[in-house]
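A quick write-up on the structure given underneath.
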Amino acid sequence: MISAIEIRNLRFKYPDGKDALCGVSFSIADGECVGLVGPNGSGKSTLLLHLNGILPEKYPATPNVVIYGRPMSETTAADIRRDVGLLFQDPDDQLFCPTVFEDVAFGPQQFGLNEEQVRNTVAKALEQTALLGSENRSPHHLSSGEKRRVCLAGVLACEPRVLALDEPTSNLDPRGKRSLIKTLKSIPATKIIATHDLEMVVELCSRTIILDQGAIIADGPTNQLLGDEQLMLAHGLEKPHILRHIHPH
Ligand code: ADP
Ligand code: MG
């Protein structure tokens with residue numbers, strides 16, 4: 001069985017010279033749901049941007065990102081992008097249409113669905129994100145939590161094999177968060193979720209990767225890693241309250 005995501009010794013330096021990823025390697029199996037945690041600036045967003053080829057500007061000769069067996073390159077990037085739905089950290093980077101409907105419909109339209117199929121797909125995605133009835137609103141007039149839900153609807157409408165979500169619960173109210181967790185549980189896609197919301201990680205992700213300063217510090221079962229208070233504190237994190245009964249040492 002091929003991996004859904006394979007990252008091989010991925011290094012990335014921003015043009016201003018900042019080393020954001022310093023040789024990251026891991027693989028994620030089809031259908032796995034993995035939490036990606038680490039302090040601000042640890043490289044989580046940079047890593048997710050590599051999964052659908054937004055970064056780097058020029059792909060290396062030896063591919064370091066492989067999605068469902070296809071190495072990322074100039075010729076494969078467009079196809080791979082279709083398989084990887086990326087929810088950006090900042091909703092304003094994702095929303096660009098005058099109405100919610102058009103924004104969510106954009107992906108499915110690109111895939112050549114007919115009008116009725118687009119309408120159905122959009123309706124399903126809006127239902128999953130509790131946005132039915134908001135079709136004609138302007139995304140730019142929504143609250144930040146609502147904007148994030150529109151972005152998620154746009155990603156879900158493309159029905160990607162891989163969901164790469166960058167801080168999906170930020171700005172969501174508790175109900176929005178519950179609903180997001182429930183929606184994600186119901187979707188069989190492979191998921192990688194960068195987040196500070198460790199309670200969500202405990203609930204959704206059987207496996208967690210901890211990043212710090214562009215390197216993987218730990219990769220293993222969520223309860224074991226997040227239950228390790230010393231490990232968490234050493235990397236700017238906190239043992240989630242729901243794991244208080246776990247004592248690894
Ligand atoms: P995280 O998502 O874990 O907070 P990022 O991937 O955003 O981390 O950032 C990793 C490192 O790269 C940080 O030191 C950050 O300051 C730097 N960085 C992020 N985006 C840029 C950029 N566009 N230009 C230069 N440096 C950046
Ligand atoms: Mg980030």
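We count residues from 1, following the sequence as given. Indexing begins at 1, ligand by ligand and atom by atom, following the structure's order.
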* To do: Can you spot which of P98, P139, S138 makes a side chain to side chain contact (heavy atoms under 4.5 Å, CB included) with D103?
  =>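 The option that passes is P139.
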
* Asked: Below 4.5 Å, heavy atoms only, C-beta onward: do T75 and S73 meet side chain to side chain?
  ->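 Touching, per the 4.5 Å side-chain cut-off.
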
* Asked: Short check: any N/O/S atom of Q89 below 2.8 Å from the Mg ion (ligand 2)?
  ->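 Yes.
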
* Could you tell me whether any N, O or S atom belonging to T46 is less than 2.8 Å from the Mg ion (ligand 2)? =>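 T46 does not place any N, O or S atom closer than 2.8 Å to the Mg ion (ligand 2).
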
Closest heavy-atom pair and its distance - [X], [Y]:
{"X": "L226", "Y": "K239", "value": "O-CG, 3.4 Å"}
{"X": "L132", "Y": "A123", "value": "CD2-O, 3.8 Å"}
{"X": "M200", "Y": "L180", "value": "SD-CD2, 4.2 Å"}
{"X": "S45", "Y": "Q89", "value": "OG-OE1, 2.6 Å"}

So, are [X] and [Y] salt-bridged, with charged N and O less than 4.0 Å apart?
{"X": "R178", "Y": "E203", "value": "yes"}
{"X": "E32", "Y": "R207", "value": "yes"}
{"X": "E167", "Y": "R148", "value": "no"}

* Report the part of A194 (side chain from C-beta onward, or backbone N, CA, C, O) that has a heavy atom under 4.0 Å from ligand 1; answer both or neither where that applies. =>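 It is neither; nothing of A194 touches ligand 1.
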
* Within a distance of under 4.0 Å, is there any protein heavy atom near atom 16 (O) of ligand 1? ->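 Given the 4.0 Å limit, the answer for atom 16 (O) of ligand 1 is no, no protein heavy atom qualifies.
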
Within ligand 1, which atoms have a heavy atom of [X] less than 4.0 Å away?
{"X": "S42", "result": "1 (P), 3 (O), 8 (O)"}
{"X": "P39", "result": "3 (O)"}
{"X": "D16", "result": "25 (C), 26 (N)"}
{"X": "T46", "result": "5 (P), 6 (O), 9 (O), 10 (C)"}

* Evaluate whether atom CD of Q110 has more than 12 neighbouring non-hydrogen atoms of other residues, nucleotides or ligands under 6.0 angstrom away. =>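 Correct, the count exceeds 12.
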
Nearest protein heavy atom to [atom], by residue and atom, and its distance?
{"atom": "atom 7 (O) of ligand 1", "result": "S45 CB, 3.8 Å"}
{"atom": "atom 10 (C) of ligand 1", "result": "G41 O, 3.4 Å"}
{"atom": "atom 8 (O) of ligand 1", "result": "G43 N, 3.1 Å"}
{"atom": "atom 27 (C) of ligand 1", "result": "Y14 CD1, 3.3 Å"}
{"atom": "atom 3 (O) of ligand 1", "result": "K44 NZ, 2.8 Å"}

* Asked: Which one of E167, K18, Q213, H196 has a non-hydrogen atom at the shortest distance from atom 14 (O) of ligand 1?
  ->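 Checking each option, the heavy atom nearest atom 14 (O) of ligand 1 is found in K18.
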
* For N40 and ligand 1, does the shortest N/O to N/O distance drop below 3.5 Å? ->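 No, no N or O pair falls under 3.5 Å.
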
* Hey, does G38 sit under 4.0 Å from ligand 1 if you only count heavy atoms? ->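 Per 4.0 Å heavy-atom rule, G38 does not contact ligand 1.
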
